[in-house]
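Sharing a structure here in structure tokens format.
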2 protein chains.
Amino acid sequence: MIRAMPDDDTTGPGPRRRRGPYAKSAERRREIVEAALHEFSENGFRGATMKAITERIGVTQPLIYSYFSSKEELLTAVLELRDDRGFDISPLDPSRPVESVRALVELMRHNEAHPGIVALHCAIAGEAVTSGHPAHDSFRRRYVDARTRIGAILEACREAGRLREGVDPQRAARIVVAAMDGLQTQWILEPEVEHLGDEFEAFMRTLVDF
Amino acid sequence: MIRAMPDDDTTGPGPRRRRGPYAKSAERRREIVEAALHEFSENGFRGATMKAITERIGVTQPLIYSYFSSKEELLTAVLELRDDRGFDISPLDPSRPVESVRALVELMRHNEAHPGIVALHCAIAGEAVTSGHPAHDSFRRRYVDARTRIGAILEACREAGRLREGVDPQRAARIVVAAMDGLQTQWILEPEVEHLGDEFEAFMRTLVDF
DNA sequence: GTCTATAGCTTGATAGAC
DNA sequence: GTCTATCAAGCTATAGAC
């Protein structure tokens, strides 16, 4: 997300106010985060090294530390980039259940168009199941939130008469969360899974009429 | 799986035959693998250190290297232990589809009784999605095999008239694999998932009449 | 069978010149 | 803003005594 610089006013000619960061600085930062994203995707957080990240963009290690004070802070920036690129279900609204289900399917289609982000998610979420991982709490909250939110949506679908016969909303919510993660993992691991979006939509249609 | 030692005969008193490894040696080995299992469960393979493993059982690092030539070989031994403890679907037989589905549910109940093994599976499978991981190929094959085998079982269920209306066997197989992994992950991360076996059984009953 | 001691390397991170 | 040079700490793994 690009923010306006503090000295963005092009009206005055003289250096009256203290200068903000140059555009080049923001560009470098973006470049570093992008390199880290790829490195984390391919090797996980623990498997990635600062050295490998710098070599991707041809800079030296100390340069990164002038933008991020630690490897962990760099991970935080990478995960924020992921959220900016749409890997987020928090805008889903249970008061519009059918639209929410459609949006969930659209989310998977969006992911299908961004394999790099999916690979990142699988790699970091995978190693974050261990309690000592820097992203552990973040992912645990994410899972709880996803399951709760999807549970509420399915509950609302039932009240709207859109849930298939015999489907339990809370139990189904767990399977939906599992399916979203699991399909993405299988999509990364096996080339046989052709269309993430189609597979997920077909599954959701066994639960909901939307 | 504990195998008989070559000098297991307690009939003769004298050392007539060439001695095999002493019982203590096998016991030490088992102890090391057990310690490694717990360490890998809690920190993953990359996050675990040989030092931490030795400290669990109060021995020194070189001792481990007299049993295993590398950290990676120790991982192999740990994964074999997991298979011995029943984390394996390869005995499932599509020619007996209904029994196979029941066995799959039993497998999850078995896992519920062995949280340590589930934690190990989640941690290692999680970080093994990255292609550079030592267990990557092993887990990739495992996934492909699981999906293929479960697909065949569901196909056989359909022929036996046990598949629910409108369920596509191959697509459902992907979701089943995702559900097995995902439910276990959620069970590790969230205390709210109370019964792994019950959750999985309820899901399978939405697909198959068994 | 187990130890002490340490080699040999890589890691994340810093100091200071330009 | 970027570099060269370097640090202390941590890692896997080995040599050799007992």
Side-chain angles (χ1 to χ4, degrees), chain A residues 5-7 15 18-37 39-40 42-78 124 127 130 132-135, chain B residues 5-7 15 18-37 39-40 42-78 124 127 130 132-135:
Chain A
M5 294 290 127
D7 56 344
R18 199 174 147 273
R19 291 188 182 178
Y22 290 122
K24 185 173 184 183
S25 177
E27 174 60 25
R28 253 293 188 248
R29 194 193 137 96
R30 202 197 52 76
E31 201 180 4
I32 292 168
V33 174
E34 198 77 35
L37 190 155
E39 200 57 32
F40 290 157
E42 290 176 19
N43 302 102
F45 176 75
R46 288 174 176 145
T49 65
M50 298 299 265
K51 185 168 182 286
I53 294 170
T54 60
E55 283 169 356
R56 277 179 181 265
I57 47 177
V59 297
T60 56
Q61 265 153 286
L63 183 66
I64 292 190
Y65 286 94
S66 68
Y67 288 86
F68 303 94
S69 66
S70 69
K71 190 185 176 189
E72 202 166 325
E73 200 178 283
L74 186 50
L75 173 63
T76 305
V78 168
I124 305 297
E127 68 180 352
T130 58
H133 194 279
Chain B
M5 293 290 126
D7 55 347
R18 195 174 149 274
R19 289 188 183 179
Y22 289 117
K24 184 169 185 184
S25 176
E27 174 59 26
R28 254 292 189 249
R29 194 193 137 96
R30 202 197 53 75
E31 200 179 5
I32 292 167
V33 174
E34 199 77 37
L37 190 155
E39 199 59 30
F40 290 157
E42 289 176 18
N43 302 104
F45 176 75
R46 287 173 178 146
T49 64
M50 298 299 266
K51 186 168 182 287
I53 294 169
T54 60
E55 282 168 357
R56 278 179 180 266
I57 47 178
V59 297
T60 57
Q61 266 154 284
L63 183 65
I64 292 190
Y65 286 95
S66 68
Y67 288 87
F68 303 95
S69 67
S70 69
K71 190 186 176 188
E72 206 163 312
E73 200 178 282
L74 185 51
L75 173 64
T76 305
V78 168
I124 305 296
E127 68 180 350
T130 58
H133 194 279

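Sequence lines set the chain letters: A, B, ... in the order given, protein chains first and strands last, and positions in each chain run from 1.
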**OP:** Enter the distance from A:Leu63:CG to A:Ile53:CD1 here, rounded to the nearest 0.5 Å.
**Re:**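 Going from the CG atom of A:Leu63 to the CD1 atom of A:Ile53 covers 12.5 Å.
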Original post:
With a non-hydrogen cut-off below 4.0 angstrom, is A:Thr60 in contact with a base, only sugar-phosphate, or nothing?
Top reply: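 Base: the residue A:Thr60, judged by heavy atoms under 4.0 Å, touches a nucleobase.
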Original post:
Could you give the CD1-to-P distance, from B:Ile64 to D:dC11, as a whole number of Å?
Top reply: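 In whole Å, D:dC11 P lies 13 Å from B:Ile64 CD1.
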**OP:** Measure from CD on A:Gln61 to C1' on D:dC7 and round the result to the nearest Å.
**Re:**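 Between C1' of D:dC7 and CD of A:Gln61: 13 Å.
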Original post:
Does a side-chain heavy-atom distance below 4.5 Å link A:Glu39 with A:Leu74?
Top reply: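 With C-beta onward as the side chain, the pair stays apart.
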**OP:** Starting at atom NZ of B:Lys51, determine the distance to atom C1' of C:dT6, rounded to an integer number of angstrom.
**Re:**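 Answer to the nearest Å: 15 Å.
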Subject >> Sub-4.5 Å side-chain heavy-atom contact between A:Val59 and A:Ile32 >> reply: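 No, side chains not in contact.
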**OP:** Measure from CD1 on B:Ile53 to C1' on D:dG10 and round the result to the nearest Å.
**Re:**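 B:Ile53 atom CD1 is separated from D:dG10 atom C1' by 15 Å.
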Original post:
Side-chain N or O of B:Tyr65 less than 4.0 angstrom from OP1 or OP2 on D:dA13?
Top reply: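 Answer is yes, contact under 4.0 Å.
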Original post:
Between B:Ser70 and D:dT12, is there a side-chain N or O to OP1/OP2 distance below 4.0 Å?
Top reply: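 For D:dT12, OP1/OP2 do not have a side-chain N/O of B:Ser70 under 4.0 Å.
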**OP:** Look at the side-chain N and O atoms of A:Arg46 and state whether any lies under 4.0 Å from the OP1 or OP2 oxygen of C:dT11.
**Re:**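 For C:dT11, neither OP1 nor OP2 has a side-chain N or O of A:Arg46 closer than 4.0 Å.
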Original post:
Okay, side chain of B:Lys71, backbone of B:Phe45: is any donor-acceptor separation there less than 3.5 Å?
Top reply: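 Confirmed, B:Lys71 side chain pairs with B:Phe45 backbone.
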Original post:
Rounding to a whole Å, what distance do you find between A:Met50:CE and C:dT11:P?
Top reply: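 From A:Met50 CE to C:dT11 P: 12 Å.
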Original post:
Looking only at atom types and distance, does a side-chain atom of B:Arg56 sit under 3.5 Å from a main-chain N or O of B:Glu34, one as donor and one as acceptor?
Top reply: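 The answer is no, because no donor-acceptor pair under 3.5 Å joins these two groups.
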**OP:** Just compare C:dA13, D:dC11, D:dT2 and give me whichever is closest to any side-chain atom of A:Ser66.
**Re:**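 My answer, after comparing the listed nucleotides, is D:dT2.
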Original post:
Between D:dG1, C:dC3, C:dT2, which nucleotide gets closest to the side-chain atoms of B:Pro62?
Top reply: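 From the listed options, C:dC3 comes nearest.
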**OP:** Please state how far atom CG in A:Leu63 lies from atom C1' in C:dA13, giving the value in whole angstrom units.
**Re:**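 It works out to 14 Å between those atoms.
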**OP:** Would you classify B:Ala52 as touching base, sugar-phosphate or nothing, given that sugar-phosphate means primed atoms plus P, OP1 and OP2, and contacts are heavy atoms under 4.0 Å?
**Re:**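 Nothing: the residue B:Ala52, judged by heavy atoms under 4.0 Å, touches no strand.
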**OP:** Starting at atom CD of A:Glu31, determine the distance to atom C1' of D:dG1, rounded to an integer number of angstrom.
**Re:**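 The answer, rounded to whole Å, is 13 Å.
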Subject >> d(CD1, A:Ile32; P, D:dG1) in whole Å >> reply: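 About 11 Å, once rounded to whole Å.
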